[in-house]
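We're numbering straight along the sequence, starting at 1.
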Amino acid sequence: MDYLDQKIEIKFPCEYPIKIMGRNVDDFEKVILSVLDKCYADFSRKTMTRRVSKEEKFISLTVTIIATGKLQLEELHKALKATGLVSIVL
């Protein structure tokens, strides 16, 4: 069986790391944190790490949330993409 063909089953609730990437604009971090605070009352900013690309054109934020289900993760993805600032959510 090929590695990519394997389905990974996630057992909820669990700690779930998310990487959020986009262009390095002034409000990126503020907007993303606002979405996370709105979606997760218990979101801890202490879990966040920030990385800027070598040429400082892009930024990625990695956060860890307590995920309760697939629907919750899908809704977060939609909310992040709706900001217009997010290119990729992993």
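For the side-chain hydrogen bond (donor to acceptor under 3.5 Å, both in side chains) test, residues two or more places apart in sequence or in another chain that qualify with D37 are R45. The side chain to side chain contact (heavy atoms under 4.5 Å, CB included) check on K19 picks up M21, S60, T62, L90, with sequence neighbours excluded. Shown here are the side chain to side chain contact (heavy atoms under 4.5 Å, CB included) partners of V31, two or more places apart in sequence or in another chain: D27, T83, L85. In this structure R23 satisfies the side-chain hydrogen bond (donor to acceptor under 3.5 Å, both in side chains) test with no other residue, sequence neighbours excluded. In this structure T68 satisfies the side-chain hydrogen bond (donor to acceptor under 3.5 Å, both in side chains) test together with Q72, sequence neighbours excluded.
A distance of 5.5 Å separates CD1 in I32 from CD1 in I20, rounded to the nearest 0.5 Å. One finds the CD1 atom of I65 at 3.5 Å from the CD1 atom of I18 (value rounded to the nearest 0.5 Å).
The minimum heavy-atom distance linking S87 with G22 is given by the pair OG-CA, 3.8 Å.
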Atom pairs and distances, donor-acceptor, side-chain atoms in residues 46-59, under 3.5 Å, two or more places apart:
residue, atom, partner, partner atom, Å
T47, OG1, S44, O, 3.0
T47, OG1, T64, N, 3.2
T47, OG1, T64, O, 3.3
R50, NE, E29, OE1, 2.7
S53, OG, E56, N, 3.3
S53, OG, K57, N, 3.1
S53, OG, F58, N, 3.1

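Counting side-chain heavy-atom gaps under 4.5 Å among Ile, Leu, Val, Met, Phe, Trp and Tyr, L71 is found in no cluster with other residues.
Clustering ILVMFWY residues whenever any of their side-chain heavy atoms sit less than 4.5 angstrom apart, transitively, puts Y16 in the very cluster that holds L76. V35 and V86 fall within the same hydrophobic cluster, where Ile, Leu, Val, Met, Phe, Trp and Tyr residues are linked whenever their side-chain heavy atoms come under 4.5 Å apart, directly or through other members. When the side chains of ILVMFWY residues are joined at heavy-atom separations under 4.5 Å, either directly or via intervening members, L80 and I88 end up in two distinct hydrophobic clusters. At a threshold of 4.5 Å between side-chain heavy atoms, the hydrophobic network of Ile, Leu, Val, Met, Phe, Trp and Tyr places F43 and V89 in one connected group.
The side-chain heavy atoms of F12 and L73, taken from C-beta on, include a pair separated by under 4.5 Å.
Atom CD of E74 sits in a crowded spot, with more than 12 heavy atoms from other residues, nucleotides or ligands closer than 6.0 Å.
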